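In what follows, chains carry the letters A, B, and so on, assigned in the order in which the sequence lines appear, proteins first and then strands, with residues in each chain numbered from 1. Keep in mind that what you see is a predicted model, and the values were worked out from it rather than measured.
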Amino acid sequence: MAYWLMKSEPDAYSIDDLERDGREPWDGIRNYQARNMMRDDMRIGDEVLFYHSSCKIPAVVGIARVASEPYPDPTQFDPDEKYYDAKSDPDDPRWILVDVEFVRKLDRPVTLTEIKEHPGLDDMILTRRGNRLSIMPVEKAHRDIILGLE
DNA sequence: GCCAACGTTGGC
DNA sequence: GCCAACGTTGGC
């Protein structure tokens with residue numbers, strides 16, 4: 001089983017929203033690297049660290065799991081959608097997503113500050129300079145440390 | 001609101 | 001294929 005971190009702006013979609021919905025298609029990803037990971041590398045049951053970004057206290061706030069095989073992101077074909085992509089061919093969809101499922105909230109958020117301060121988490125992709133990926137792989141050792149901090 | 005970093009686009 | 005311009009991300 002692999003481990004992932006997925007960012008979401010809590011104003012747009014928070015861990016509480018996922019808890020309420022139970023399950024959610026991870027739509028709107030328009031970055032090829034992130035798409036490739038969902039399309040090629042994620043497996044049902046993989047664990048996801050749910051991270052709040054672009055907010056007051058950026059932090060890992062919960063755990064989710066990959067809940068579907070990859071499939072085309074429907075929002076790319078809907079002209080009324082923010083994430084509409086006129087250049088995506090329905091016969092060869094450009095954007096692929098997976099569903100994610102709520103598992104639990106952390107007992108308390110593990111903040112970006114703590115992650116940066118922890119020596120064992122030095123080489124996490126999350127804190128790498130210039131990293132802008134909204135989906136990234138997480139090593140088990142790093143995941144274990146983070147869950148040890150909650 | 002600023003700005004660094006980086007991806008994407010499009011002209012040539 | 002190069003590269004300047006532009007857009008986006010996301011922490012601060």
Could you go through nucleotides 7-12 of chain B and list every protein N or O atom that sits under 3.5 Å from one of its N or O atoms, giving the distance for each pair?
{"unit_1": "B:dG7", "atom_1": "O4'", "unit_2": "A:Arg132", "atom_2": "NH2", "d": "3.0"}

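- Criterion: ILVMFWY side-chain heavy atoms under 4.5 Å apart, direct or through other members. Under it, A:Val98 and A:Phe77 are not part of a common hydrophobic cluster.
- When atom types are taken as modelled, the side chain of A:Ser88 and the backbone of A:Arg94 share a donor-acceptor pair closer than 3.5 angstrom.
- A donor-acceptor pair under 3.5 Å is formed between the side chain of A:Asn131 and the backbone N or O of A:Leu133.
- Using a 4.5 Å cut-off between side-chain heavy atoms of Ile, Leu, Val, Met, Phe, Trp and Tyr, with links allowed through other members, A:Tyr71 and A:Ile135 fall into the same hydrophobic cluster.
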Mind listing the N/O atom pairs, protein and nucleotides 3-5 of chain C, below 3.5 Å?
none

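- Using a 4.0 Å cut-off between charged side-chain N and carboxylate O, A:Asp144 and A:Lys140 make a salt bridge.
- For an aromatic pair to be called close, the ring centres must be under 6.0 Å apart, and A:Phe50 with A:Trp26 satisfies this.
- In this structure, A:Trp95 has its ring center under 6.0 Å from that of A:Tyr32.
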